[in-house]
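Here the structure comes first, spelled out in structure tokens, and everything after it is commentary.
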2 protein chains.
Amino acid sequence: MKKSPSIPSYESAMGREGLRLTPQRRQVYEVLMDKRDHPTATEVFIRAQKKMPSISLATVYNCLETMVGNGLVKAVHVDREPTRFCANLMEHGHFHCTGCGHISDIEFSQTHDKGWKLPSGFLVTQHDLTLRGLCTDCGATFKNSNNSQPTTK
Amino acid sequence: MKKSPSIPSYESAMGREGLRLTPQRRQVYEVLMDKRDHPTATEVFIRAQKKMPSISLATVYNCLETMVGNGLVKAVHVDREPTRFCANLMEHGHFHCTGCGHISDIEFSQTHDKGWKLPSGFLVTQHDLTLRGLCTDCGATFKNSNNSQPTTK
DNA sequence: CTAGGTGCAAAAGGTTTGCGGTTAA
DNA sequence: TTAACCGCAAACCTTTTGCACCTAG
């Protein structure tokens, strides 16, 4: 677990809004940048605690809310599961493996034809796409043995 | 508020699974079929209560869960807002107006080119698309007066 | 008759909030 | 110095659950 060489845009993004650069916020942000998976607030809390034992869950929630509000991180919602957080700011979708529960980013292709029929006058500012299915590993497991269903968590 | 002329597929869909056709379930289903908006469990409860004052919220949750489990209705998730329910069984996406909070169904076009790049081996079984933006009314309100922001609910 | 469903109240679980003490700027 | 922030605990709100009674089949 090596330290990120630099903290891209953290100082500037936080500073731009007149927000304080507190150690807690830095820690939360580093957790998100370190492993680019999609941890829940609690998972962020647990990881942050390892480096900063005094941090509280409420503070993690506060930091995450602040960062989402400032567009520094994105909140990811899958069904009614706990909110997950994502430091990937590029426009992207998510793939939710119903086998292992893992969530991975998916890129949109360049020619991304937005194939939907919108009533005229509607103005779209954002679109969230979540695919569901089996990842390579879970798909293989499922194929190889009809007895063992993929772990439905 | 007139009674639906018939209850399409309710008896058969419920019966097929060996589930009882209770008055409560029928009532919950009728609420969903009546206005095809996307009510939350609590909203379904309130509407159902008007016709059946003795029904309980827990029962509404139970009925909805049963019906979702049997594919008779769909659960719709937008951010971390309360789960909404939808009787439209066709594959479709949702448009969430950030002005008035209303959720409307959107159809996919025939040629719906799925413009995303998936790691090889991933198997997609389902995709949820949620667009966010302003509906015609809220967009108009926003344009006409720069002072009055659309109701952010 | 009886398995499955209902209604009530209490619990669970994620998230938010009030508040006194702390700290970055 | 001081407004913003932290940490704690309690509150909130949606959803789930345990259990006694009820009812559709």
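Numbered from 1 within each chain, the chains take letters A, B, ... in sequence-line order. Just so it is clear, the model here is predicted, and its values are computed rather than measured.
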Within less than 4.0 Å of OP1 or OP2 of C:dT15, is there a side-chain N or O belonging to A:Y61?
yes

Ignoring the backbone of B:N62, work out which of C:dT15, D:dT17, D:dC8 is nearest its side chain.
D:dT17

Cluster check B:V78, A:F85: I/L/V/M/F/W/Y, side chain < 4.5 angstrom
no

Which of B:H92, B:H127, B:H94 passes ring-ring contact (aromatic ring centres under 6.0 Å, His included) with B:F108? Answer is B:H127

Please figure out whether B:T66 or B:R80 has its closest DNA chain C nucleotide nearer the 5' end.
B:T66

Could you walk me through whether B:V73 and B:Y29 pass the side-chain contact (heavy atoms from CB on, under 4.5 Å) test, one step at a time?
CA-CA 9 Å; B:V73 306; B:Y29 189 67; 4.3 Å; yes

From the set D:dT14, C:dT6, D:dC6, return the single nucleotide nearest to any side-chain atom of B:C63.
C:dT6

Output the single nucleotide from C:dG5, C:dT17, C:dA9 whose closest atom is nearest the side chain of A:A58.
C:dT17

To the nearest Å, give me how far apart CD (B:E81) and C1' (C:dT15) are.
15 Å

Value in whole Å for how far the P atom of D:dT17 lies from CG of B:L57:
15 Å

Short side-chain N/O contact to D:dG7 OP1/OP2 from A:Q24, under 4.0 Å:
yes

Between CD of B:E65 and C1' of D:dT16 the distance, given in whole Å, is 8 Å

Looking at A:D128 and A:K74, is any side-chain nitrogen of the basic one under 4.0 Å from a carboxylate oxygen of the acidic one?
no

Of all the choices, D:dG7, D:dT15, C:dC8, which nucleotide is nearest to the side chain of A:S54 once you look at every atom?
D:dG7

Could you report the tightest heavy-atom contact between A:R25 and A:C63, atom names first, then the distance?
CG-SG, 3.5 Å

Would you say the side chains of B:H38 and B:D105 form a donor-acceptor pair under 3.5 Å?
yes

side-chain N/O B:T59 vs C:dT6 OP1/OP2, d < 4.0 Å
no

Do you know which two heavy atoms are closest between B:L134 and B:C97, and how far apart they sit?
CA-SG, 3.9 Å

Distance, rounded to the nearest Å, where B:F85 contributes CZ and D:dT15 contributes P
7 Å

Just call it for B:T42: base, sugar-phosphate, or nothing, with non-hydrogen atoms closer than 4.0 Å on any strand.
nothing

Using atom CG of A:L64 as one end and atom P of C:dT15 as the other, report the distance to the nearest whole Å.
10 Å

Are the side chains of B:L21 and B:E11 in contact, using a 4.5 Å heavy-atom criterion?
yes

Distance, rounded to the nearest Å, where B:R84 contributes CZ and D:dT15 contributes P:
10 Å

B:F45 CZ to D:dC13 C1': how many Å, rounded?
15 Å

Per atom distances to the B:S56 side chain, the nearest of C:dT6, C:dT15, C:dG7 is C:dG7

Taking only nitrogen or oxygen atoms into account, show me every contact under 3.5 Å that the protein makes with nucleotides 23-25 of chain D, one pair per line with its distance.
from, atom 1, to, atom 2, distance (Å)
D:dT23, O2, B:R20, NH1, 3.1
D:dG25, OP1, B:L21, N, 3.4

Between C:dA24 atom C1' and A:E11 atom CD, what is the distance in whole Å?
13 Å

Kindly say if B:T40 contacts the phosphate of D:dT14, meaning a side-chain N or O under 4.0 Å from OP1 or OP2.
no

